[in-house]
Amino acid sequence: MNRTELERALRDRSATERGPLEASAVLPRAPDRRVAVAYPSPYRAGMSSLGFQRITALLRQGGVAAERCFLPDDVDAQRRSRLPPLAVETLTPLGQFPLIAVSFAYEAELVGLFDLLDLAGIPLLRTERTADHPRILLGGPISMASPAFLAPFVDALLLGEAEDTVVDGVQAAFDRDREGWLDRIEALPGGWVPERGRPIPPIAKASDEHLPARSAWLAPQAELSDMFLVEGERGCHRMCTFCVMRRTTNGGMRLVTPERVLGLVPDEARKVGLVGAAISDHPQLVGLLETLVDSGRQVSVSSLRADRIARRPDIARLLRQSGARTLTTASDGATEALRKTLTKGTSREHLLACAEQARELRYDTLKLYMMLGVPGETDGDVDTLAEELKALAAAARPSRLALGVAAFVAKRATPLDGEPFAGIKVVEKRIERLRKAVRGACEVRPVSVRWAWIEHALAQGGPEAGLAMLAGWRAGGRFADYRRALEAVPEQSQRPWAAAG
C-alpha cells in the first residue's frame with residue numbers, strides 16, 4: 001500500500017458515513033485549534049464506541065477542529081509501508097497534530113496505543129518526547145477502573161465522565177504553555193497529571209446538560225453497522241461486586257425520558273441501539289421499545305439482565321419483532337451460590353425463563369455471557385454449570401444455546417479489588433472441562449485466557465506494569481514476551497498505585 005492508496009481507502013470509507021447528524025458537530029474551521037481524537041483500535045471498533053463519537057462531537061461544538069484517527073486495520077502492513085495513521089477528515093498525519101486526545105476503553109488496548117504512536121513517529125514514553133511532539137490527553141471508560149498503568153505514556157488524563165471537562169481541557173492546550181495547560185487540567189474535576197506525583201483524583205461526574213450521549217455518525221462499516229446509539233440511562237443502581245459500574249461508582253442510575261430519546265433519533269436511522277449499564281432496568285423501557293418497533297426500526301439493547309427478561313417478557317417479544325435473531329443476557333457466576341456471592345441477582349428460574357422465551361419467540365440463538373475463575377469457584381461448580389446449561393439448552397430448543405466465557409479479572413474500585421487471577425492453566429482446564437460436558441447441547445465460545453491474565457496484571461498494576469508491557473512489546477509482542485516482563489515486576493510495586501508519577 002502506498003500513500004495514495006491509503007488516502008483513497010480512507011475517503012471511500014468516510015464516504016459511506018452519514019453525519020455529523022447534528023449541525024453543531026460539523027468540523028469547524030479552526031486551523032489554530034486542531035486536535036486528533038484517536039482510538040487505539042481499528043475503525044470498526046472506534047465508530048461503535050458511543051463515547052468516542054460523543055466526545056468528538058462535543059469538541060466540535062466547542063469550537064475545536066476535532067478530527068478522528070484510528071489504529072490501522074493491518075498494523076504490520078502499514079508499518080512495512082512506513083505510512084503514518086491519517087486523520088479521517090483531512091488525511092493529516094497523526095504526528096502533525098499539536099494535541100492528541102485518546103479515547104481508551106480497556107486495558108488490552110495499551111498495545112494498540114503503542115502501535116498508534118509508533119506508526120506516527122511519536123516516542124511512546126512521555127519522558128522521551130520534546131516540545132515538538134504532540135501532547136497526549138487520555139480519557140474514556142478505562143478511567144472508571146484503574147488508569148495508573150498508563151501514567152508513563154501520557155501527559156494528562158480526564159477521569160470519569162468528561163462531557164463537562166473535555167472542551168475546557170482541550171482549549172487550554174492552545175491557550176497556555178505546557179505547564180499552564182497541566183495546571184488547568186489539574187484544576188478540572190477528574191484531571192490527573194501523572195508526572196506531578198499526586199494521588200489519582202476522584203472521577204468526574206457529568207451534569208445532565210450534555211446527556212444523553214448519542215451517535216454523531218451512522219457508519220455502515222462499524223461493528224454496529226449503521227446503528228444510531230443513544231443512552232436510555234447512565235450508570236447502574238445494582239451492586240455486582242465485580243463491576244466498575246456498580247452503584248457507588250458515580251452516583252447510580254440516571255434515567256433519560258423516552259420522549260427525550262425518541263426526539264434524538266434521526267429519521268434516517270433504521271437501526272437504534274439503546275445504551276446503558278442498566279438499560280433493561282429502565283421503568284419505561286417497554287413503552288420506548290414499542291414506539292421504536294412500531295416505527296419499523298430494528299432495535300438492540302446493550303445490557304439485558306436475565307431477571308428483567310423473565311419478569312418483562314415484552315422486552316424479548318419486541319426485540320424479536322424488530323428483527324433480532326439472538327437473545328443475549330449474562331449469568332456471570334457458574335452456580336447460583338456463586339452468583340449470590342457476586343451480588344448478581346440472577347437465578348436458575350430467570351435463566352430458564354429466558355430459554356423458554358427464546359424457544360417461544362423463535363430466536364435463532366440464546367447467548368449467555370459468564371465468567372470462570374471467580375473467587376471461591378471449584379471444578380465441581382463447573383460440573384454444576386454444565387448440568388444447568390444442558391437444562392437451558394433443552395428448554396430453548398430449537399433455539400441454539402451459546403456460551404461466551406471470559407476469565408474473571410479483578411478491577412480497582414470494586415469489592416473484589418485485589419483478588420488474584422485464578423491461573424491460566426486452571427481457567428483453560430475448566431473451559432475444556434465445560435466444553436466436553438456440554439458437547440452437543442451448547443456451543444462454548446471462550447475469549448483468550450492469556451489476554452485476561454494480562455488485563456488482570458494491568459488492572460491491578462501501576463506504572464511499572466505499563467512499562468513492563470512496553471518492554472514486552474519491544475521484545476516482539478508475543479504473549480511470552482509480555483508475561484516474562486510482567487512477572488518481573490516486583491509485587492510490592494503494584495499496590496501503591498495512587499501516587500503514580
Side-chain angles (χ1 to χ4, degrees), residues 33-41 46 49 51-52 55-56 59 64-71 84-87 92-107 109-143 146-160 162 165-186 188 190-198 200-201 458 462-463 465-467 469-470 473 500-501:
R33 293 177 182 268
R34 299 181 67 207
V35 59
V37 185
Y39 200 88
S41 285
S49 166
F52 174 83
I55 290 300
T56 305
L59 285 170
V64 177
E67 301 186 41
R68 296 167 292 154
C69 190
F70 304 94
L71 187 70
L86 304 180
T92 301
L94 179 62
Q96 293 182 14
F97 285 87
L99 177 67
I100 300 172
V102 181
S103 178
F104 200 103
Y106 65 103
E107 290 84 359
E109 282 188 330
L110 182 57
V111 173
L113 180 62
F114 292 162
D115 287 331
L116 194 65
L117 296 180
D118 180 63
L119 288 170
I122 301 169
L124 275 59
L125 289 170
R126 179 185 66 249
T127 54
E128 295 178 355
R129 297 195 286 266
T130 70
D132 295 327
H133 292 115
R135 300 174 188 174
I136 310 294
L137 176 66
L138 186 142
I142 189 64
S143 64
S146 170
F149 67 92
L150 291 160
F153 313 110
V154 301
D155 295 282
L157 300 93
L158 291 176
L159 308 181
T165 59
V166 68
V167 174
D168 194 341
V170 167
Q171 291 279 23
F174 304 114
D175 296 333
R176 306 181 181 207
D177 63 15
R178 184 175 183 275
E179 289 304 311
W181 173 59
L182 296 179
D183 289 341
R184 182 58 190 149
I185 291 292
E186 282 194 318
L188 293 172
W192 182 44
V193 178
E195 67 190 61
R196 294 185 173 177
R198 296 180 181 132
I200 296 178
L458 292 175
L467 292 172
M469 283 293 289
L470 178 57
W473 180 82

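From a predicted model like this one, the values you see are computed outputs, not experimental measurements. In what follows, every heavy atom counts, from backbone to side chain, and hydrogens, waters and symmetry copies are set aside.
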Main-chain N/O of [Y] paired with [X] side-chain donor or acceptor, under 3.5 Å:
X: S41; Y: G46; result: no
X: R135; Y: A173; result: yes
X: D155; Y: I136; result: yes
X: W181; Y: V170; result: no
X: Q96; Y: T92; result: no
X: R126; Y: A151; result: yes

- Could I get the full list of salt bridge (charged side-chain N to carboxylate O under 4.0 Å, His left out) partners for R176, not counting sequence neighbours? none
Working to the nearest 0.5 angstrom, can you tell me the gap between [X] [atom1] and [Y] [atom2]?
X: D168; Y: T165; atom1: CG; atom2: OG1; result: 8.0 Å
X: F104; Y: L150; atom1: CZ; atom2: CG; result: 4.5 Å
X: T56; Y: R68; atom1: OG1; atom2: CZ; result: 7.5 Å

- Starting from the C-alpha separation in whole Å, work towards a yes-or-no answer on side chain to side chain contact (heavy atoms under 4.5 Å, CB included) for L113 and V102. CA-CA 9 Å; L113 180 62; V102 181; 4.2 Å; yes
- Message: E179 vs V193, test: side chain to side chain contact (heavy atoms under 4.5 Å, CB included). Steps then yes/no.
- Response: CA-CA 10 Å; E179 289 304 311; V193 178; over 6 Å; no
Heavy-atom check, side chain of [X] versus side chain of [Y], under 4.5 Å:
X: I100; Y: L116; answer: no
X: V167; Y: L59; answer: yes
X: F149; Y: E107; answer: yes

Nearest non-hydrogen partners of [X] and [Y], listed with the distance:
X: S103; Y: P40; value: O-CD, 3.2 Å
X: I200; Y: A148; value: CD1-CB, 4.2 Å
X: L94; Y: P134; value: O-CG, 4.5 Å
X: L99; Y: V35; value: O-CG2, 3.3 Å

- Task: Please state whether the rings of F70 and F52 are parallel, tilted or perpendicular, taking 30° and 60° as the class boundaries.
- Result: tilted
- Message: Regarding R129 and E195, does a basic nitrogen lie under 4.0 Å from an acidic carboxylate oxygen?
- Response: no
- Message: Any salt bridge linking R184 with D175? Criterion: basic side-chain nitrogen under 4.0 Å from a carboxylate oxygen.
- Response: no
